[in-house]
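For reference, the structure discussed in these notes is given below.
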Amino acid sequence: MRIRVVDAFTDRPFAGNPAGVVLLDDAFPEDERLQNVALEVNHAETAFTHRLPGGGEADWALRWFTPVAEVALCGHATLATAHVLHTTGAHDGPVRFATRSGVLIATPGADGWITLDFPTAPLTPVATPPGLAGALGADPVAVHDTGPQVGDLLVELADERTVRGLAPDLKALAAHSSRGVIATARADDASGGHDYVSRCFFPRLGIDEDPVTGSAHTALAPHWSARLGRDDLTGLQASRRGGVVRTGLRGDRTLLTGRAVTVIDGELLA
């Protein structure tokens, strides 16, 4: 297997969210093999992809694994995979991926940006679960369930400063959703180049804090578009590495646009 590590949702190395990308010659090997490789790579997600026969609804099959589990949807590893396909010449133009979340399309732009077409997460207001404020370390302004594909709680907080200063109790936080918790707030300074900020915590998946989470932005986009009155926004994920996601709400679809950089290109010998 040839393995690449790609930093996604950034235009420079050692920023954004690193993902492993494995281009397979044919069908997926057994799940145990995929999980072991993802554990060895030990990034938030490792993407495995192989070409599909021509004439179908998709061009490549795509799966994503964290170090401990397969996931149903991953934005940054999809962006990383599209980046590898385009930069290596394995695929030209828009690429259609067959995934557990349906067919996802990645379209390259002439300027190096790649736009992902993902399903918009359905948001359902819910009461603040007991213990959530204590686990997060801040009082929620609003809480939404993001539906089964994303599987997070989206928690709006008072301001950007509060989001940036969070130091949650990760063990306690793991009890509050099937996947993780998205903490978000409106940008403090509208001239700062972003409309909202977020941080994402996934201790149930072995990821204390994800650097940049594309799938979370399928929930952040409808949330902030409704509040700010615009379909096209820019989100800043304020993790230590940080990253920028341009979001475009298109009804039941959300466009996620970002850049990516390959930082490691190697071969699995085992």
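All values below were derived from every heavy atom in this structure, side-chain atoms included, with hydrogens, water molecules and symmetry-related copies excluded.
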Item to check | Thr262/His83 under side chain to side chain donor-acceptor pair (under 3.5 Å): CA gap, chis, key distance, verdict | outcome: CA-CA 8 Å; Thr262 301; His83 168 79; 3.1 Å; yes

Item to check | Shortest non-hydrogen separation from His217 to Tyr196 and the atoms involved | outcome: CD2-OH, 3.4 Å

Item to check | Student check: side-chain heavy atoms of His176 and Leu132 closer than 4.5 Å | outcome: yes

Checklist entry - OG1/Thr46 to CD/Glu70 distance, rounded to the nearest 0.5 angstrom? => result 12.0 Å

Checklist outcome for this item: Smallest heavy-atom separation, Gln35 atom then Thr66 atom, equals NE2-O, 2.8 Å

Next on the checklist: Assess the residue pair Val22 and Val41 against the criterion (side chain to side chain contact (heavy atoms under 4.5 Å, CB included)); give the C-alpha distance rounded to whole Å, side-chain angles, the decisive distance to 0.1 Å, and a yes or no.
Outcome noted: CA-CA 11 Å; Val22 180; Val41 174; 5.9 Å; no

Item to check | Greater than 12 external heavy atoms within 6.0 Å of Arg259's CZ | outcome: yes

Item to check | Separation between CG of Leu153 and CZ of Phe201, rounded to the nearest 0.5 Å | outcome: 13.0 Å

Checklist entry - Between CZ of Arg4 and OG1 of Thr87, what distance do you get to the nearest 0.5 Å? => result 7.0 Å

Next on the checklist: Would the distance check show the side chain of Arg246 and the main-chain N or O of Thr257 forming a donor-acceptor pair, the cut-off being under 3.5 Å?
Outcome noted: no

Checklist entry - Out of Leu220, Val181, Val143, Thr124, which one pairs with Leu154 under the side chain to side chain contact (heavy atoms under 4.5 Å, CB included) rule? => result Leu220

Checklist outcome for this item: Thr99 meets the side chain to side chain donor-acceptor pair (under 3.5 Å) criterion, sequence neighbours left out, with none

Checklist entry - Within a reach of under 6.0 Å around CZ of Arg230, are more than 12 heavy atoms found that belong to other residues, nucleotides or ligands? => result yes

Checklist outcome for this item: Sorted by chain and residue number, the side chain to side chain contact (heavy atoms under 4.5 Å, CB included) partners of Arg227 (sequence neighbours excluded) come out as Ala142, His144, Glu156, His223, Trp224

Checklist entry - Which heavy atom of Asp152 sits nearest a heavy atom of Gly180, and at what distance? => result OD1-N, 3.0 Å

Checklist entry - Between Asp188 and Glu160, is there a donor-acceptor pair closer than 3.5 Å when you use the side chain of the first and the backbone of the second? => result yes

Next on the checklist: To the nearest 0.5 Å, what is the distance between CZ on Phe9 and CZ on Arg241?
Outcome noted: 13.5 Å

Checklist entry - Does a side-chain N-to-carboxylate-O contact under 4.0 Å join Arg250 and Asp232? => result yes

Checklist entry - Charged N to carboxylate O under 4.0 angstrom, Asp265 versus Arg2? => result yes

Item to check | Atom pair CE (Met1) and CD (Glu267), whose distance is rounded to the nearest 0.5 Å | outcome: 11.5 Å

Checklist entry - Hey, mind stepping through His43 and Val6 against side chain to side chain contact (heavy atoms under 4.5 Å, CB included) and telling me if it holds? => result CA-CA 10 Å; His43 285 309; Val6 177; over 6 Å; no

Next on the checklist: Quick one, Val163 with Thr184, criterion side chain to side chain contact (heavy atoms under 4.5 Å, CB included). Give me CA distance, side-chain angles, the key distance, then yes/no.
Outcome noted: CA-CA 6 Å; Val163 173; Thr184 186; 5.5 Å; no

Next on the checklist: Looking at Arg199, is its backbone amide N or carbonyl O close enough to the side chain of Glu209 to form a donor-acceptor pair, meaning the two atoms are under 3.5 Å apart?
Outcome noted: no

Item to check | Nearest heavy-atom neighbours spanning Thr218 and Phe118 | outcome: CG2-CB, 3.8 Å

Next on the checklist: Between Thr128 and Asp139, does the side chain to side chain contact (heavy atoms under 4.5 Å, CB included) criterion hold? Intermediate values first, please.
Outcome noted: CA-CA 9 Å; Thr128 300; Asp139 292 324; over 6 Å; no

Checklist entry - Is the backbone of Gly248 close enough, under 3.5 Å, to the side chain of Asp231 for a donor and an acceptor to pair up by distance? => result no

Next on the checklist: Any donor-acceptor pair under 3.5 Å linking the side-chain atoms of Ser215 with those of Arg179?
Outcome noted: yes

Checklist entry - Can you check side chain to side chain donor-acceptor pair (under 3.5 Å) on Thr115 and Thr107, steps first, answer last? => result CA-CA 5 Å; Thr115 297; Thr107 303; over 6 Å; no

Next on the checklist: Looking at Arg51 and Ala90, would you say the former's side chain and the latter's main chain have a donor-acceptor pair under 3.5 Å?
Outcome noted: yes

Item to check | Over all atoms of both residues, closest heavy-atom pair of His194 and Ala187 | outcome: O-CB, 3.3 Å

Checklist entry - Are there more than 12 heavy atoms of other residues, nucleotides or ligands under 6.0 Å from atom CD of Glu30? => result yes

Next on the checklist: Please find the pair of heavy atoms, one from Gly243 and one from Leu236, that lie closest to each other, and give the distance.
Outcome noted: O-CD1, 3.4 Å

Item to check | Separation between CG of Leu23 and CG of Leu85, rounded to the nearest 0.5 Å | outcome: 5.0 Å

Next on the checklist: Any side-chain to backbone donor/acceptor pair from Asp252 onto Thr120? Under 3.5 Å, distance only.
Outcome noted: no

